[in-house]
Each structure stands twice: as C-alpha cells, then as structure tokens.
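The first residue of the sequence shown is numbered 1, and numbering continues consecutively from there.
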Amino acid sequence: MTTPRSVALERLAYTLAAPVLAVAPNLYPDSPVNQVVQLAGAAGIGGWFLAAKSDEPGAGRKILRWSPLVLAAAIDVTAGHTGGFGPYWMDGLLAATWAAAGYLVMPFSRHARRRHRPALAAPVAQPAPAEVLEEPVVQDDGADLLTRDARMLWEQAGMPGRTHIVKATRHPGQQHDMTILLRASETGRPITGLTEAAVAAPFAVHSGDVVLAEVAIQPGRQGGPGWLEAHITPDANQRRRKAPTDQERWTDKVGSPKGGAPGSELVHKTRDGVRGVTFYRAKMADATTSPRIDLAKVCRGLGLPEDDSCVFVLIDGIEFLISAFDKPPLSAIFPATRELLTPDAKGMYVCGYTITGQPVKNMVFQHDKNAARHGLILGVSRSGKTQFFAIDMAAMSLAGQVVWLSTVRKDEKTSTLGKYIDRQGSNALWMARSLRAAKALCEIRAEMPWPHDGEAHDYKPGDARCPYRQLNVFADEFMTAAQDGDFGEFIQKDGDDLTVTGLKYGIGFNPAGQSPFAHNGFSTEMKDNLRQNSRPSIFNMGSPGATRKAAEGTMENAYDVPTIPARYAQQEGSAIERAMRGEADPENGVSTGGVAIMVMDNGRAVLMRSLYADFDTDLAELFPDDVNHLTDHEISELEKRGLWFDWNEPVRPGEFWPEPKEDDGDDGGSRRRGGGGGKGGGRGSKGGSRQEVVSARKALEAIKSLTDA
C-alpha cells in the first residue's frame, strides 16, 4: 500500500523539527523560535484539559493528537535549562527520540479524522458489503450515534415486544442513563407483552432500573397504545439508593403503597433552627383521597426516632404536616398573664399553645349564638384540670362574669381559687345546693325586666343593657359527686336541666371529671349539650387509649386524635444495646401535666399545652381587683325561695326530701322516706312500707321510687 501524502509530510516535519529543538535553546536562548514552541505546548495542554473534561467519545484520540506539541515544548524547556547540550548530549537524544516517536507511532494525522480513508482507493469489491451492512442503520434520517447503537443492541435481542426504537436520548450528566422511544413494528398494532426485564436485557442493566411509561400525544408526534417510553436509569438509581434526595426518600419510603402515608407526595421540607423543628409538608397525589397516616412507619421511612413526644402530624383536608422536634415541644412552660387571659370583643382568650407554637383560644361566651357557654374538662388526677380551672375562671372574671366552684373534697388549689370568685365549696351537698340555686336563677332571670324597655329578654353577651352578669358554675369531680349516695340524684338531675335551659339565661355549666360517659354521671343529653356549646378539653385520661376514647366521645366524627403519653421521654441510644450490656433505661421522663386535647368548633382535635397559673405565687395578678357577684335582686329572690345562705351548713329539714311522718315510726332518723315532693325531687327509702300496686301508673311510680334503680 502506498504511504498517504499527509503521513509523509508529517514524518518530514518531525525530522526537520528535531534539530531545531536541540540547537535553538542552546545557541539562541532569546530566539522567538523558543517562544513559539512553548506557546504551542501551552495550547496542547489546553487541548488535553478540554478533551479530558468532555463527555463526548474520542477523548483519548484528542489527547494523542495534542501530544507532539506538549512533548516538543517540554524538550525545549529542558534544553534551555541544561548547560550546553547537557550530559551525554541529552538535548540531542531527547530531540531524536521525539522525532522517532512521531515517525514510528503511526501517524497522528490519522487521529484527526474518525473515519480516515487512504488517499488511494481500496479494492472495488470492498465497498459493496459495507453498503449492505449500513442499510438498516441509515434507514431513518437524522439518527444519531446513540440511537444507532441502541438499535443495534435492540435488533440483536430480536426486537423485544415486536417494537422498534425511534430515538434514544441520553440523560444530562449521566453516562449510561437514557430514555428510548419505542413504537410497534406493525402500524396500527398496540405494544403488548413488553416487560421491564425484556428492555433491561439488551442493555445489561437490572430490571429494577427500567420504568415503562405511556407516551402522551404531542404536536408533531404520535402517541397512544402503539408507542411506549422506556426510562433506563442505572446510574440515577445507584445514586438514589446511596444518597437519595428528600423527594426521592419520601416517594420510596413514605408515599409508596407500603409506606406510612401511601399515595402522598412531599411538597417541601423546611427547618426552623430557632425552634429546633423540621417540617415535612405533604399532600395526597389524588385529590379525592384522604390521608391514611401511620406515624411509626413515617418515622422509619424518614429516619426519625419513633417518639410520640417529638413527632406530630397535623391533617388539613388532603394536606398534612409532619413536625419533627429535637426536644419535646410540649414540655415547655407557658406562664399565664392577664394580657393573654383578657377576652376580646368576641369573648375569646388564649388558653394555651400548640406544638407548632400557635395560640389556642377558648371562649367565655358564644358570640355567634348570643348565649353563655358550657365547658367540659376531663382528666385523671394531677393531669392539669385545676390549673385549667384557674385560667378559665380568671378569663371569666376579667370579662365581668360570676363564678361558682364546687368540689367533692377540699384541697389547696380550689381553696385558693375561692378567694377570687363569688362562691366556693368542697362537698357533694354544696354542689347540689349550687346547682339548685343556678337552676332557680333561670326562673328569676326569665322575669327580670331590662331597663331600656322594662321587658324581659334572653341573655345577650356583651350587651351593656343586660341587668345581670353571666354565671359560670364549675363542678369538679362531677362523676364522683353524681354517684353520691345522698345527693347524687339531685346533682345529676339539676346538672341535666342546667345544660338544657341555662344558656339563654346567661348560665354556663362546667363539669369536670374522669369520664364523659352515661354510666359515670354524664347523660347523653348532657354530653350532647356540652359538646355543642363548648370546646371540650381532655387532659391525660390514664392511657393513650382512654384519652383517645374520651376525646372521640366528645366529637361528632371520629377524627384522628393525638396521643398523650404518661410522660414525655425521648429515646436515647439503642434499647437492644442496653439490654445486651445489662444497663437500665435512662430516666428522662417529663410530666405531661397541663397537656390537653381541645376539640375545636369544627370537630378537629388540637393538642396543646395550657397556660400555667402558679398557685405558689399570688394569683391576684391574673384576676381582677374586685370579685364579681350576683345582683341584689337575684340574691333577694333566691332568699325568698330559701336557696341563698351558707351552703356549708348541714342539711336543713325538708330541704331535699320530706321529713318522715310521726306514724311512720323511727327508723334511725332516715331522711330518705317518701317518694315525692321536696325541692329537686326525692327518692323512696329502702326500708319504707310496701305500696300496693293496682295499676300500671302505680307500678311506674313504685319503680321510680326504688333506690339505685
């Protein structure tokens, strides 16, 4: 074969340039020839850098192309820094070696073109087979190298699914990831039977790295069942498994069908460094579905500790918010102040704060209903009920309202509150008398004339013309009092009546206890009225299940109810490692006293920490200077009815039930004889004489007169 002219010229250039590289730096150090050679070497180094940085194929060929210039500059610099021609004529030997390398390492001019053909034509018989081999590649105009290579692999695999590759597109910044557009080989036939494994096999990737997707119909391109897109992403999936983004982690671990919130997608993740909380805001991909959240699974998917005291969920329609705190947010103390407890024009005041720091408001009257409000406070002992009493009574007093408080037993906190309110007592008898007097006030206020027109009107909160103040009757441990052997029936009956009739006369009933159910003193009628005309507050009921059940019992619909554990205890270290070492679990619990679930007007349950009223200090800072009392007219009317006196006195004769007649004999001074009469009603005695039942009415009266029926 004859040597091409470009090769011969290149070899001649190497032969002539070698002496110049050896002689010029030694004989003419300041000659422009040296500068030209060194600039050419610098250009060669730039070419190396660009070739190495480029993602296009042929980087090695480009580096080899620039090598003669870089090596020539290196020889020129070396010759300029050696004395003479160097030891053993090193300058000349380097130049000769450079020329020999350029002469023998064939030839660099061919590397400048990918498909170099010799100047002289090859035998005529060779082009014909080449054209036959290239026919299937050239059949589609504009196909690039990647598409042609993908088609070759696809054809070698036997055209899986009887499909043809229309185009292959490489993903930006990826070496192996690409998307191939497929169409059915036969026009009008849908693509069937094509699986991820069939697509992965020709490209030697895992089937999990292939995703098949439908092709949307776009202007200038067909779509439908006869077209399909295959996303082949081995590089992206490898990176996704090792270092996923927040969106990818949520999609794979939380929003997947087996995740903690299936069907959801992450909207954004934010961090509040000041409050030490990370927020994950998400929504359902399908707007017609409701969130189904398993908080423990969500924590495991996001790599968070499964800790109820630090991780909370808030649902709002199809959106929800996961709040992950560094420390239990409800373990903080929020001191009560007069500014927070002073109600606004609509009767709303701040009673606590949620996990997100939002203020929670309670009401002292129902502005939208033109009525007083009831209250329902539930919780076990030491859960924070009396603390909530204090801030609620302070807000009512600051609004100019009258407050009565009754408890079953005397304690320090209720006695302290008695100094700042109208009346306070500590036994079941006192509670029965207070409820009876409040019930009588409904009749008195129904006939009280208003000064502007002399007529009687229903209570209107905030109306300066109203001749009386709103009365709020608090009954602590109402469940226990309603089961009292002597006065329980009167307490329950008058409490039921007060919840029904009290609101229109400005009288609100606020029972507190450890159960909201009928068998514990809360009749269905009472519970319904309390639920509809208050914002029930449920403190710790002894266990998360009991708390959830009590909250659901005060709600119209079964919404997701937050959990209140016995203590907030952050997880520290591994329980398994502590067990293996025989170490005790850390005692880092924080009391949940004061943490409550408040059921808002729309039935949604909100977890909050109520304001803290310190009973060891002077509560006068929270209450007004003057105690609010009933009007003189109301007191005089109660006195006429024999209901206004010192309610700590023993039971007066005939106060609740008729005294036994003389012919009934002495049965030990029983006060329970007889079945009718008396204020508030009465019950028959166990030891009374039997009544002869002669009619259905008599039978009904006999049943009603039975004790504990």
Inset, instruction - Look only at the side chain of E248 and the backbone of T245, and say whether a donor-acceptor pair between them is shorter than 3.5 Å. - result: yes
Inset, instruction - Check whether any side-chain heavy atom of I180 lies under 4.5 Å from a side-chain heavy atom of F203, and answer yes or no. - result: yes
Inset, instruction - Verify whether one side chain among S185 and H164 offers a donor that lies under 3.5 Å from an acceptor in the other. - result: no
Inset, instruction - Identify whether the distance between the nearest side-chain nitrogen and carboxylate oxygen of D272 and R275 falls below 4.0 Å. - result: yes
Legend entry - Mutual orientation of the aromatic rings belonging to F312 and F325 [parallel < 30°, tilted 30-60°, perpendicular > 60°]: perpendicular
Legend entry - Other residues, nucleotides, ligands: >12 heavy atoms within 6.0 Å of E214 CD: no
Legend entry - Straight-line distance of D209 CG to E196 CD, nearest 0.5 Å: 11.0 Å
Inset, instruction - Report the distance from atom CG of D177 to atom CD1 of I232, rounding to the nearest 0.5 Å. - result: 9.0 Å
Inset, instruction - State, with a plain yes or no, whether a side-chain heavy atom of Q175 is found less than 4.5 Å away from one of D235. - result: yes
Inset, instruction - Return yes if some donor-acceptor pair links the side-chain N/O of R151 with the main-chain N/O of V166 below 3.5 Å, else return no. - result: yes
Legend entry - pair I315-V313: side-chain heavy atoms closer than 4.5 Å: yes
Inset, instruction - Mark yes or no for whether E229, through its side chain, and L182, through its backbone, hold a donor-acceptor pair below 3.5 Å. - result: no
Inset, instruction - Report, as yes or no, whether the 6.0 Å neighbourhood of atom CZ on R292 holds more than 12 heavy atoms from other residues, nucleotides or ligands. - result: no
Inset, instruction - Taking the side chain as every heavy atom from C-beta outward, state whether Y280 and V311 have any pair of such atoms under 4.5 Å apart. - result: no
Legend entry - Main-chain N/O of G260 paired with R300 side-chain donor or acceptor, under 3.5 Å: no
Inset, instruction - For T233 and H171, test the side chains for any donor-to-acceptor distance below 3.5 angstrom and give the result as yes or no. - result: no
Legend entry - Any donor-acceptor N/O pair, T147 side chain to K167 backbone, under 3.5 Å: no
Inset, instruction - Please tell me if the side chains of R609 and F334 come closer than 4.5 Å, counting only heavy atoms from C-beta onward. - result: yes
Legend entry - Residues D326, R271: salt bridge by 4.0 Å N-O rule: yes
Inset, instruction - Kindly say whether V595 contributes a backbone atom to a donor-acceptor pair with the side chain of T592 at under 3.5 angstrom? - result: no
Legend entry - Check: S264 side chain, A282 main-chain N or O, donor-acceptor pair, under 3.5 Å: no
Inset, instruction - With D246 as reference, evaluate K253, K269, R281 under the salt bridge (charged side-chain N to carboxylate O under 4.0 Å, His left out) test and give the passing residue. - result: K269
Legend entry - Min side-chain heavy-atom separation M178-L146 under 4.5 Å: yes
Legend entry - From NZ (K258) to CG (D252), nearest 0.5 Å: 14.0 Å
Legend entry - Any donor-acceptor N/O pair, D286 side chain to T289 backbone, under 3.5 Å: no
Legend entry - Side-chain (W154) to main-chain (T163) donor-acceptor, under 3.5 angstrom: yes
Legend entry - Check ion pair R581-E577 (N to O, under 4.0 angstrom): yes
Legend entry - Nearest-0.5 Å distance, CH2 of residue W250 to CG of residue L266: 6.0 Å
